[in-house]
2 protein chains.
Amino acid sequence: MAVGSDFSLRKVDVALTPRERYIDFLRSRGKRITPQKQVILDHVSSRHEHFDVEQLLADLRNTPEGARASSATVYRTVAEMHEAGLLHKMELDGRCVYEHDYGYPQHDHLYCSGCRQLIEFSSEELARICDAVAAQHQFRARGHRLIITGLCVDCRTSKSKSRHQDRV
Amino acid sequence: MAVGSDFSLRKVDVALTPRERYIDFLRSRGKRITPQKQVILDHVSSRHEHFDVEQLLADLRNTPEGARASSATVYRTVAEMHEAGLLHKMELDGRCVYEHDYGYPQHDHLYCSGCRQLIEFSSEELARICDAVAAQHQFRARGHRLIITGLCVDCRTSKSKSRHQDRV
DNA sequence: TTGTCTGCAAACACTTTGCACTTTT
DNA sequence: AAAAGTGCAAAGTGTTTGCAGACAA
């Protein structure tokens with residue numbers, strides 16, 4: 001069973017770049033830094049964007065240098081980066097979606113069930129509510145995830161034209 | 001692709017019992033009311049509790065009358081009840097978890113990563129935030145889901161004794 | 001009689017794992 | 001040299017689906 005170590009529970013130290021942070025993490029665990037991990041790291045940290053493993057694999061294949069990593073490796077590496085606190089993970093429509101959120105402020109999402117787009121927002125009030133609720137239940141909160149489901153503007157207006165909306 | 005019809009989008013009419021509601025739904029679609037569906041309905045609506053299909057199947061088998069339904073049927077029926085607005089669905093740790101929430105007030109959850117218990121809470125403030133955020137993005141919200149992850153009191157205190165905590 | 005439903009088993013999508021080989025340290 | 005990583009293919013999970021027979025409307 002994977003373990004969310006003390007390391008990953010601590011508030012991130014934003015003085016480090018993602019790469020430094022990751023390398024620190026690997027070193028502290030006696031894990032290795034391999035070309036595959038670097039390629040994946042570069043891809044993932046070059047933008048703040050939601051993706052699943054399939055997309056990441058496709059991206060890697062489209063890379064000019066044709067950087068390569070097997071899906072097994074991508075799954076393993078992505079999990080490792082999640083442990084390291086570089087990637088945020090969530091489940092959506094039966095598969096795992098990640099986003100590079102190291103150094104990014106906490107935020108939540110609107111999820112359009114039409115085009116499956118994730119729209120970000122953040123709310124301090126929400127954080128306050130979470131703290132209050134947790135305290136009330138003597139719960140030690142590690143984090144939270146709020147997803148508001150519905151239809152985005154585009155899907156609302158193109159409702160009758162496309163097959164997009166209401167995919168549940 | 002399954003369809004979340006107008007029917008299921010409408011606010012539930014709490015004057016109906018779950019059974020009435022379900023039967024209405026089935027009739028309106030020309031779907032049938034079978035013994036299997038009734039057994040499942042009874043089980044599900046007899047308590048307000050979180051379960052996955054595996055648990056539901058086990059429960060059915062433990063029933064005195066040995067009520068039976070294949071897993072395919074349970075999957076199909078549960079999905080149907082979700083469409084009918086009787087069951088709330090969420091994904092957790094890679095599988096789908098349902099709860100009978102017809103007639104119950106909207107609420108959200110604290111999820112203990114130790115014992116995997118779901119603790120309910122509700123917050124009007126939260127609902128307000130969701131509305132505000134959706135409006136801000138011209139988004140038509142259908143619903144929301146907030147999960148606060150962490151450790152419950154029990155798992156916090158029995159931290160060193162058990163293998164419970166930090167299952168990610 | 002028509003059309004849905006059920007159960008079974010096969011199919012599926014996504015993810016994890018065992019293993020032999022490679023690579024880092 | 002020792003330990004961890006990689007790719008492949010096989011094994012797992014949880015869920016869906018095709019189909020033939022059963023059955024409600």
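Values reported hereafter were calculated over all heavy atoms of this structure, with side chains retained and with hydrogens, waters and symmetry mates removed. Because the structure is a prediction, the values reported are computed rather than measured. To find a chain, count down the sequence lines: A is the first, B the second, and so on, and within it residues start at 1.
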| request: Using side-chain contact (heavy atoms from CB on, under 4.5 Å) as the criterion, list what pairs up with B:Ser70, not counting sequence neighbours. | output: B:Ala72, B:Thr73
| note | Under a 4.0 Å heavy-atom criterion, the protein footprint on nucleotides 15-25 of chain C, written with B, S and -, is BBBB----BB-
| Can you give the first and last nucleotides of DNA chain D, 5' to 3', that have an atom under 4.0 Å from a heavy atom of chain B? | D:dG14 to D:dA24
| query | With sequence neighbours excluded, what pairs up with A:His50 under the ring-ring contact (aromatic ring centres under 6.0 Å, His included) test? | reply | A:His109
| message | With a sphere of 6.0 Å drawn around CD of B:Gln55, does it hold more than 12 non-hydrogen atoms of other residues, nucleotides or ligands? | response | yes
| note | residues 98-113 of chain B vs salt bridge (charged side-chain N to carboxylate O under 4.0 Å, His left out), sequence neighbours excluded, gives none
| task | Please list, chain by chain and in numerical order, all residues satisfying side-chain contact (heavy atoms from CB on, under 4.5 Å) with B:Arg95, sequence neighbours excluded. | result | B:Asp52, B:Leu92, B:Asp93, B:Val97
Residues 122-139 of chain B, side-chain donor-acceptor partners within the protein, below 3.5 Å, at least two apart:
residue	atom	partner	partner atom	Å
B:Ser123	OG	B:Glu125	N	3.4
B:Ser123	OG	B:Leu126	N	3.0

| note | Residues at least two apart in sequence or cross-chain that pass salt bridge (charged side-chain N to carboxylate O under 4.0 Å, His left out) with A:Arg19, listed by chain then number, are A:Asp42
| Interatomic distance, B:Ile40 CD1 vs C:dG7 C1' [rounded to whole Å] | 13 Å
| task | Specify the angle, to 10°, made by the local axes at the two ends of the helix from C:dT1-D:dA25 to C:dT25-D:dA1 when five pairs are taken at each end. | result | 30°
| request: Return the set of residues passing ring-ring contact (aromatic ring centres under 6.0 Å, His included) with B:His144 (not counting sequence neighbours), or none when no residue passes. | output: none
| Counterpart residues, salt bridge (charged side-chain N to carboxylate O under 4.0 Å, His left out), relative to A:Glu80 (two or more places apart) | A:Lys31, A:Lys37
| said: Holding to salt bridge (charged side-chain N to carboxylate O under 4.0 Å, His left out), I want the full list of residues that pass it with A:Glu49, two or more places apart in sequence or in another chain. | reply: A:Arg47
